[in-house]
Amino acid sequence: MYYTALKMLTGDRSKYIGIVMGLTFASFIMTQQPAIFVGIMARTFSFITDLSQPDIWVMDPKVQFIDDTKPIQDTELYRVRGVEGVEWAVPLYKGLLKARLENGNFQTCNVIGLDDATLIGGPAVMIAGKLEDLRRSDSVIVDLDGAASKLAKRLPGGKVIPLKVGDTLELNDKRATVVGIARTSRTFQSQPVIYTTYSRATSFAPRERKLLSFILVKAKEGADRQELTKRITKITGLTAYTSDEFKSVTIGYYLKYTGIPINFGMSVLLGFIIGAATAGQTFYNFTLDNLRQFGVLKAMGTTNGQLLKMILLQALMVGSVGYGLGVGAASLFGYLLRDSVLAFKFPWQLLVLSGTGVTVICIFSALISIRKVMKLEPAIVFKG
Amino acid sequence: MSNQTEPAVNVGNAATNAAELAVKCSGVAKGYGVDDSKIMALRGVDLEVNKGELFMLVGPSGCGKTTLISVIAGILDQDAGSCRVYEHDLLHMAGHEKVRYRARNIGFVFQAYNLLPALTAAENAAMPLIINGVKRKEAVKRASEILAEVGIGDRTNALPAQLSGGQQQRVAIARALVHNPRLIVCDEPTSALDHETGARVMELLKRVALDHQRTLVIVTHDARIFSFADRIARMDDGRIEQVVNSPAQLEH
Ligand SMILES: Nc1ncnc2c1ncn2[C@@H]1O[C@H](COP(=O)(O)OP(=O)(O)OP(=O)(O)O)[C@@H](O)[C@H]1O
Ligand SMILES: [Mg+2]
């Protein structure tokens with residue numbers, strides 16, 4: 001009977017392809033859109049991910065996410081260093097500064113100031129130059145994407161010459177020399193990233209009473225990080241998060257205060273509805289077209305239970321083929337665009353999500369068809 | 001042989017011994033629709049068909065022939081009256097019992113062939129065995145043997161669309177036979193075929209399908225095949241008007 005069911009299904013090529021395409025589309029949308037969403041969400045905290053050395057981030061209690069810097073006083077660093085269980089603590093400056101390019105244009109940049117002594121928090125991958133070159137005067141390291149686009153030189157002919165080692169920029173009227181190019185993970189902010197030392201960054205920045213953005217802390221071996229964050233908060237009155245906590249706080253902010261989840265949620269829902277509608281409709285049409293065949297099987301003594309299993313199998317078949325193609329297409333999409341600006345992350349949970357979606361669509365399609373076939377009068381077989 | 005002079009509706013030589021009967025219907029009534037719009041398709045049909053007989057049902061369009069064989073084949077429930085087919089009492093049969101009854105006992109031949117277009121001739125003919133739980137491979141093997149018997153042993157792997165009407169009807173006959181049912185019902189088996197092909201199909205049915213264990217009830221309009229019948233019942237307006245032994249005795 002199962003063989004017959006599959007033969008019936010694939011026997012009508014064009015209809016079979018139609019149903020499978022509907023389900024492929026639905027699976028694709030339900031996988032690809034969330035993958036982009038997850039990719040974008042991961043970008044919101046990629047700066048924290050890149051900074052793998054510290055265990056704990058200390059900051060002003062009003063900070064809501066990684067790019068929301070609220071400076072604290074430099075002296076807080078020493079208080080944190082004094083907390084029991086702290087192996088080391090270093091300052092980190094993170095702020096938006098205007099860079100003046102050679103052609104006179106201004107470009108806002110995300111300036112990161114690293115601890116002068118240790119350079120902790122520097123980029124992991126250097127394309128040109130060395131991180132230690134930051135110890136030279138006026139030196140900065142620029143990220144690859146920024147160097148190639150927003151900070152690049154544009155000649156009158158439209159030709160773009162990337163910023164390279166040895167070039168200079170002005171940050172708040174102060175001269176900066178590029179000593180290295182680094183690869184960084186894309187962040188949610190599209191500005192170029194400029195690395196320099198903490199003291200130089202604060203000299204670039206406008207004079208203010210407070211300039212310290214974050215204190216990066218390494219816990220002593222064996223020290224409980226949760227306990228340590230609590231202790232730091234208790235002693236300093238500042239907020240302290242473990243890296244993972246800070247990531248969730250950041251993602252939580254974006255989920256709560258931006259339209260991003262809703263927009264993606266809508267596309268996923270739309271993909272699901274369109275997929276359900278087209279697949280359901282085509283599958284139901286397929287059943288209607290084959291109603292006479294089901295009637296013949298019924299007249300010849302096929303039980304309703306057997307017919308039900310046949311239809312479920314047919315739905316399962318189109319569902320799994322459509323799902324495979326859809327997920328495959330989504331993976332291919334992500335793979336082909338892996339080097340582009342597109343955010344795309346494909347954790348296994350997404351397979352479960354789209355798989356569940358397709359299963360629901362198939363069960364729904366099968367149910368309306370099953371209802372029709374169950375109620376079918378076998379006596380129709382004698383009608384011309 | 002003939003007792004056509006008798007005034008009773010049920011003439012012809014129906015066996016008097018109930019054990020010799022394949023079908024026995026009394027007062028079978030069946031209507032379609034409800035209340036005012038109800039159409040009475042059968043208005044009290046009394047019918048006896050002997051075992052091993054080729055029995056034809058004839059009559060004008062709309063007189064209830066298809067409805068009657070649908071009741072006998074167990075794909076339609078009568079409203080009133082009793083109907084026995086061999087030892088099966090259709091009146092007191094539950095829905096699932098009727099499904100089983102059809103699977104085991106009935107072979108179907110339709111005017112429109114009704115083969116599954118995606119299956120080969122052998123797979124189509126094997127269907128009743130598969131429905132009865134025989135393994136596919138074994139079922140197809142047996143179906144191929146029957147296809148050879150009905151004269152299309154060389155087309156077992158052809159799809160219905162690749163066969164002529166006469167060949168398709170042979171596949172349908174093989175399908176009606178393959179599970180060795182005791183009653184085969186045919187609704188207009190020859191009307192879609194030209195005369196010569198129709199006559200060959202009837203010869204085939206009579207030669208291969210009929211034996212003393214198996215009974216054929218054939219509904220037809222086609223006067224040219226009347227001569228194949230052992231007995232003919234003429235229906236009109238939901239009743240059996242006349243049962244005769246030869247076409248010459250029919251009143252219309
Ligand atoms: N499903 C149905 N719903 C309503 N009326 C029906 C239905 N099937 C048959 N009828 C009516 O019942 C009567 C008998 O129909 P049936 O199909 O048994 O006739 P028939 O003798 O087989 O006719 P034909 O020679 O045209 O096939 C007709 O009046 C027909 O219109
Ligand atoms: Mg009819």
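Chain letters run A, B, ... following the sequence lines, proteins first and then strands; every chain starts at 1.
- Salt-bridge formation is not detected for the pair D145(A)/R183(A): no Lys NZ or Arg NE/NH1/NH2 atom is positioned less than 4.0 Å from an Asp or Glu carboxylate oxygen.
- Using cut-offs of 30° and 60° for the angle between ring planes, the F108(B) and F382(A) rings count as tilted.
- Heavy atoms of L116(B) lying under 4.5 Å from chain A belong to its backbone as well as its side chain.
- Ranked by heavy-atom pairs shorter than 4.5 Å toward chain B, the options D12(A), T10(A), T4(A) are led by T4(A).
- Using a 4.5 Å cut-off between heavy atoms, V219(B) makes no contact with chain A at all.
- For a residue to count as touching a neighbouring chain, one of its non-hydrogen atoms must lie under 4.5 Å from one of that chain's; by this rule R175(B) touches chain A with the side chain only.
- Residue contact with chain A, scored on non-hydrogen atoms closer than 4.5 Å, is absent for R100(B).
- For an aromatic pair to be called close, the ring centres must be under 6.0 Å apart, and F344(A) with F333(A) satisfies this.
- Between Y32(B) and T67(B), the side chains place a donor N or O and an acceptor N or O closer than 3.5 Å (distance only, hydrogens not considered).
- Of the residues considered (L119(B), D187(B), N114(B), I130(B)), N114(B) shows the highest number of contacts with chain A, using heavy-atom pairs under 4.5 Å.
- When the candidates A103(B), G95(B), A176(B) are compared by the number of heavy-atom contacts under 4.5 Å with chain A, A103(B) comes out ahead.
- The CD1 atom of I262(A) sits 12.0 Å away from atom CG of L269(A), with the distance rounded to the nearest 0.5 Å.
- Interface residue E123(B): only side-chain heavy atoms are found under 4.5 Å from chain A.
- Interatomic distance, CG of L47(B) versus CG of L57(B), reported as 6.5 Å (0.5 Å rounding).
- In this structure, the portions of L297(A) lying under 4.5 Å from any heavy atom of chain B include both its backbone and its side chain.
- Donor-acceptor pairing under 3.5 Å is lacking for the side chains of S185(A) and S46(A).
- At a cut-off of 3.5 Å, with distance as the only test, a side-chain donor of Y86(B) or T215(B) sits close to an acceptor on the other residue.
- With a 4.5 angstrom heavy-atom cutoff, Q306(A) touches chain B only via side-chain atoms.
- The greatest number of non-hydrogen atom pairs below 4.5 Å with chain B, out of K298(A), Q293(A), E377(A), is found for Q293(A).
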